[in-house]
Asks: 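Before we start, here is the structure in question, set down as structure tokens.
Chain letters run A, B, ... following the sequence lines, proteins first, then strands; residues in each count from 1.
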2 protein chains.
Amino acid sequence: MSRAHTKTQQERKAETRERLLVAAAQLFAEFGVDAVSVDAVAEAAGRTSGSVYAHFGSKQGLLLALLDSWKDSVVTVLLAEVAVTRSPQGQLAAVWGNVTHSPGDESGRWALLEHELWLRAARDPEVAERIRMRNADARRFSSHQLRHWTVAAGAQPSVPPDELAVLVKALLTGLAMQRLLEPDVVTDDLAVRGLSALVGLTSGLPSHQDTPRPADPGPAHRSDRSTTINEGATP
Amino acid sequence: MSRAHTKTQQERKAETRERLLVAAAQLFAEFGVDAVSVDAVAEAAGRTSGSVYAHFGSKQGLLLALLDSWKDSVVTVLLAEVAVTRSPQGQLAAVWGNVTHSPGDESGRWALLEHELWLRAARDPEVAERIRMRNADARRFSSHQLRHWTVAAGAQPSVPPDELAVLVKALLTGLAMQRLLEPDVVTDDLAVRGLSALVGLTSGLPSHQDTPRPADPGPAHRSDRSTTINEGATP
DNA sequence: GTCTATATCCCGATAGAC
DNA sequence: GTCTATCGGGATATAGAC
């Protein structure tokens, strides 16, 4: 019959699918995949559990669809947005800032979902395959960014850009993990210094041995040298 | 009554507790905490689920007890065993080797449990507290090791040892994660180079720019410079 | 495609005998 | 302290009306 009617049906179907995916992402991130029931996802999307099975067949199907519809990893894309800040260190600080204070993400829920999926991938080949594809894309992109950035910033890394991308991602991931449990341990300044060392940036940041303290590094609490973060991020 | 009889009862109790903890560690690591039932743990330990509740009160109690009885993190302790190899790079390679090929651990099951617990800690304050204590101890130890090692190896890190410990752990963790899903991406050589950059070791390893290729780094697959790993480890 | 109702299963935890 | 038996709850997934 009327095409207009059919059109709205298609739209509603698409909208339902989208709402289910969004709801799943939020709930999975906040409480973990296993702790969230199919009913909870459907309810958060304003539907019922039946719609989940109509669209995705199973909870696992929902998870896989979520993986496919996923944007690129938070950790890697950020390298795109660093062109604003002045100094090379400022750009590294911006990268780290985006990892920790990702836009609209309270207390790193996205990162939690990221880890949840990684953990699942380690045990489920089906999930692993999709994660690998995502990683491959992200790595290609970020190595491309790094190749240009290193020459522009005058950095001299000890490995080519594609491998440097792996190192940078590893350090960012590991630091973000420690920071989530113990925020005081991972200062912004430390992250920037770590990144600088990896990419082979020597200028600007003095070695900690330049201001020699005989035996003791002083009582706790190194003053955090305000690494002005997020100058031009989130346009 | 007879003390000898009481003695064997105590022994059996202790043995049961130990067997439950071991079984829990293995099963949790292999399948994940949520995927393993209390019955499964008890059965693997040659007991029944009742014994779990008699000893630990709940599944959560079992998990917390497991955390307390835990040895130090795989990632950090390894710094103790590196004194054998000759060159500084060889020692870094040994550290990385212990991370990847931890003794008696097939395909990084331990690392999986480690991440599982971290993820749980991110959502459960009770778990987080115990993880923090473990981390604090491990960090103290590894920073102590690093302080001596850097002077012995002639390394010049850009941060003091306690902060360097954070960076090293972060890089090792991140690399181990990527390696578990994509082994080819994280070569032993790359790990050693990353660590070298962090700790400020310059000698020995040439910059990749020393053999300049005009535009393209070449088709994939850099030959892995056999970084002889595990010379004197696992005595 | 979406909802309601329900089937089926399994888990965590408890009660009580020994 | 350990086992057997069981309760109560909640999960995934299906069946059928609309």
Asks: Side-chain contact, heavy-atom cut-off 4.5 Å: B:Trp96 with B:Thr100?
Replies: yes

Asks: Going by number, which of residues 21-39 of chain A have a non-hydrogen atom under 4.0 Å from DNA chain D?
Replies: A:Val36, A:Ser37, A:Val38, A:Asp39

Asks: For the pair A:Ser196 (side chain) and A:Val192 (backbone), establish whether a donor and an acceptor sit closer than 3.5 Å, ignoring hydrogens and angles.
Replies: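 Pair found, side chain donor or acceptor close to backbone of A:Val192.
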
Asks: Just how far, in rounded Å, is C1' of C:dT8 from OH of A:Tyr53?
Replies: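 Roughly 13 Å, once rounded to whole Å.
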
Asks: Applying side-chain hydrogen bond (donor to acceptor under 3.5 Å, both in side chains) between B:Glu15 and each of B:Arg12, B:Lys13, B:Arg19, report the one that passes.
Replies: B:Arg19

Asks: Using heavy-atom distances to pick each residue's nearest nucleotide on DNA chain D, tell me which of B:Ser49 and B:Thr16 is more 5'.
Replies: B:Thr16

Asks: Taking only residues two or more places apart in sequence or in another chain, which ones pass ring-ring contact (aromatic ring centres under 6.0 Å, His included) with A:His115?
Replies: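 By the ring-ring contact (aromatic ring centres under 6.0 Å, His included) rule, A:His115 matches B:Trp118.
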
Asks: Both distances under 3.5 Å, Watson-Crick or G-U wobble: on that basis, could you give the dot-bracket string for DNA chain D, with [ ] for crossing pairs and | for other-strand partners?
Replies: ||||||||||||||||||

Asks: For the pair B:Gln178 (side chain) and A:Val166 (backbone), establish whether a donor and an acceptor sit closer than 3.5 Å, ignoring hydrogens and angles.
Replies: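 Indeed, once roles are kept as given, a pair shorter than 3.5 Å links the two residues.
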
Asks: Of all nucleotides in DNA chain D with an atom under 4.0 Å from a non-hydrogen atom of chain B, which is the first and which the last going 5' to 3'?
Replies: D:dG1 to D:dT4

Asks: Side chains of A:Val186 and A:Leu180, heavy atoms from C-beta outward: is any pair under 4.5 Å?
Replies: no

Asks: Please name the pair of heavy atoms, one in B:Ala176 and one in B:Val99, separated by the smallest distance, quoted to 0.1 Å.
Replies: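 So the two residues come closest at CB-CG1, 4.0 Å.
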
Asks: Does B:His148 have any side chain to side chain contact (heavy atoms under 4.5 Å, CB included) partners at least two apart in sequence or in another chain, and if so, which?
Replies: B:His144

Asks: Please output the side-chain donor-acceptor pairs of residues 20-45 of chain A that fall under 3.5 Å, not counting sequence neighbours, one pair per line with the distance.
Replies:
{"residue": "A:Asp34", "atom": "OD1", "partner": "A:Arg120", "partner atom": "NH2", "Å": "3.2"}
{"residue": "A:Asp34", "atom": "OD2", "partner": "A:Arg120", "partner atom": "NH2", "Å": "3.1"}
{"residue": "A:Ser37", "atom": "OG", "partner": "A:Ala40", "partner atom": "N", "Å": "3.1"}

Asks: Apply the side-chain contact (heavy atoms from CB on, under 4.5 Å) test between A:Leu171 and each candidate in A:Thr173, A:Val168, A:Leu175; give the one that qualifies.
Replies: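 Testing each of A:Thr173, A:Val168, A:Leu175 against A:Leu171, the sole residue satisfying side-chain contact (heavy atoms from CB on, under 4.5 Å) is A:Leu175.
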
